[in-house]
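Notes for the one structure printed next.
No hydrogens, no waters, no symmetry mates; every other heavy atom, side chains included, goes into these values. Indexing begins at 1, ligand by ligand and atom by atom, following the structure's order.
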Amino acid sequence: MNVRFRCNGRAVEVDVPPMSRLLDVLREELRLTGSKEGCGEGECGACTVRIDGEAVMSCLVPVCQVDGASIVTIEGLGASVVHPVQTAMLQHGGAQCGICTPGLCMSAAALLERNPHPSREEARVALAGNLCRCTGYQKVVDAVCASLAPEGS
Ligand code: FES
Ligand code: FES
């Protein structure tokens, strides 16, 4: 099946089985390996991307569902200007091994766009689908709450 969508602002077309996982298409067809596979079952959030603005776990999405959609991956989040949440994650020590970090940043970017000044509780709720085995979440929440989303992020 030919599937056309926008990815990080670029029009792309792939010819793949319709039920291919979006995560696999991104990583293997488009060579965008920033989105990680942790569980492959919608439990960890390491594969989170934004589809039409919403943070979505790409391991759960058949590629046929994104025909015509606009997708942003971690490669697109800081492509022109580093996103404030990426800077804050560095400054606050919110990344350790890093496997969860791309997904956390995508969920955080979606939160900050709809709520530029989240409380710690709001940040925790928004990141609840993103598991991290290293940081204990405190520094991640510190980073998200210290970020202010740029316009149009
Ligand atoms: Fe998609 Fe874990 S790899 S949620
Ligand atoms: Fe290692 Fe989050 S930094 S899992």
Side-chain angles (χ1 to χ4, degrees), residues 1 3 5-8 10 12 14 16-79 82-115 118-149 153:
M1 176 184 180
V3 184
F5 55 94
R6 293 191 73 77
C7 187
N8 299 334
R10 187 170 64 96
V12 298
V14 293
V16 291
M19 296 305 287
S20 301
R21 303 184 311 169
L22 176 61
L23 176 62
D24 295 332
V25 172
L26 292 173
R27 290 180 56 87
E28 294 166 18
E29 301 291 326
L30 302 180
R31 299 291 173 197
L32 296 170
T33 55
S35 303
K36 305 303 183 197
E37 176 156 12
C39 64
E41 298 178 346
E43 298 288 341
C44 75
C47 63
T48 302
V49 299
R50 295 182 70 183
I51 302 176
D52 294 334
E54 294 296 320
V56 176
M57 296 177 192
S58 61
C59 72
L60 296 181
V61 178
V63 72
C64 60
Q65 287 187 358
V66 302
D67 195 49
S70 180
I71 295 173
V72 178
T73 69
I74 190 66
E75 288 88 348
L77 185 66
V82 175
H83 192 283
V85 78
Q86 294 173 304
T87 303
M89 289 285 270
L90 277 174
Q91 291 173 337
H92 290 265
Q96 291 185 25
C97 81
I99 188 82
C100 69
T101 310
L104 276 167
C105 286
M106 299 312 291
S107 294
L111 166 67
L112 291 164
E113 195 171 293
R114 59 179 189 273
N115 179 1
S119 66
R120 295 185 72 82
E121 182 58 25
E122 287 169 335
R124 287 184 180 281
V125 169
L127 302 178
N130 294 86
L131 303 186
C132 174
R133 301 206 301 190
C134 303
T135 65
Y137 301 101
Q138 299 291 348
K139 292 177 179 177
V140 173
V141 173
D142 290 345
V144 173
C145 291
S147 307
L148 184 62
S153 66

Inter-residue atom distance Ile74.CD1 - Arg50.CZ, 0.5 Å rounding:
11.0 Å
Would you say Arg120's side chain and Cys145's backbone share a donor-acceptor pair under 3.5 angstrom?
no
Enumerated ligand 1 atoms positioned under 4.0 Å from heavy atoms of Gly42
4 (S)
Rounding to 0.5 Å, atoms CD (Gln86) and CG (Leu77) come to a distance of 4.5 Å
Taking 4.0 angstrom as the limit and counting only heavy atoms of Gly40, give me the atoms of ligand 1 inside it, by number and element.
2 (Fe), 3 (S)
Any N/O/S atom from Cys44 (main chain or side chain) under 2.8 Å of atom 2 (Fe) of ligand 1?
yes
List every atom of ligand 1 that sits less than 4.0 Å from any heavy atom of Met57, numbering the atoms from 1 in the order shown and giving each element.
4 (S)
Under 4.0 Å from any heavy atom of Glu43, which atoms of ligand 1 are there?
4 (S)
Spacing of Ile71 atom CD1 and Ile51 atom CD1 [to the nearest 0.5 Å]:
5.0 Å
Among side-chain atoms of Thr73 and Glu75, is any donor-acceptor pair under 3.5 angstrom?
yes
Show all protein N/O/S atoms under 2.8 Å from atom 2 (Fe) of ligand 2, or state that there are none.
Cys100 SG, Cys132 SG
Which atom pair, heavy atoms only, marks the closest approach of Gly38 to Cys44?
CA-SG, 3.6 Å
Going by the atom numbers of ligand 1, which of them fall below 4.0 Å from some non-hydrogen atom of Cys59?
1 (Fe), 3 (S), 4 (S)
Working to the nearest 0.5 angstrom, can you tell me the gap between Ser107 OG and Met57 CE?
7.0 Å
Which residue from Gly38, Ser35, Gly45 reaches closest to atom 4 (S) of ligand 1 through any of its heavy atoms?
Gly45
Quick check: does Cys39 have an N/O/S atom under 2.8 Å of atom 2 (Fe) of ligand 1?
yes
Please enumerate all residues that pass side-chain contact (heavy atoms from CB on, under 4.5 Å) together with Arg21, with sequence neighbours excluded.
Leu23, Asp24, Glu37, Cys59
Gap between atom CG of Leu131 and atom CD1 of Ile99 - 0.5 Å precision
12.0 Å
Minimum heavy-atom distance Val14-Phe5, with the two atoms named:
CG2-CE2, 4.2 Å
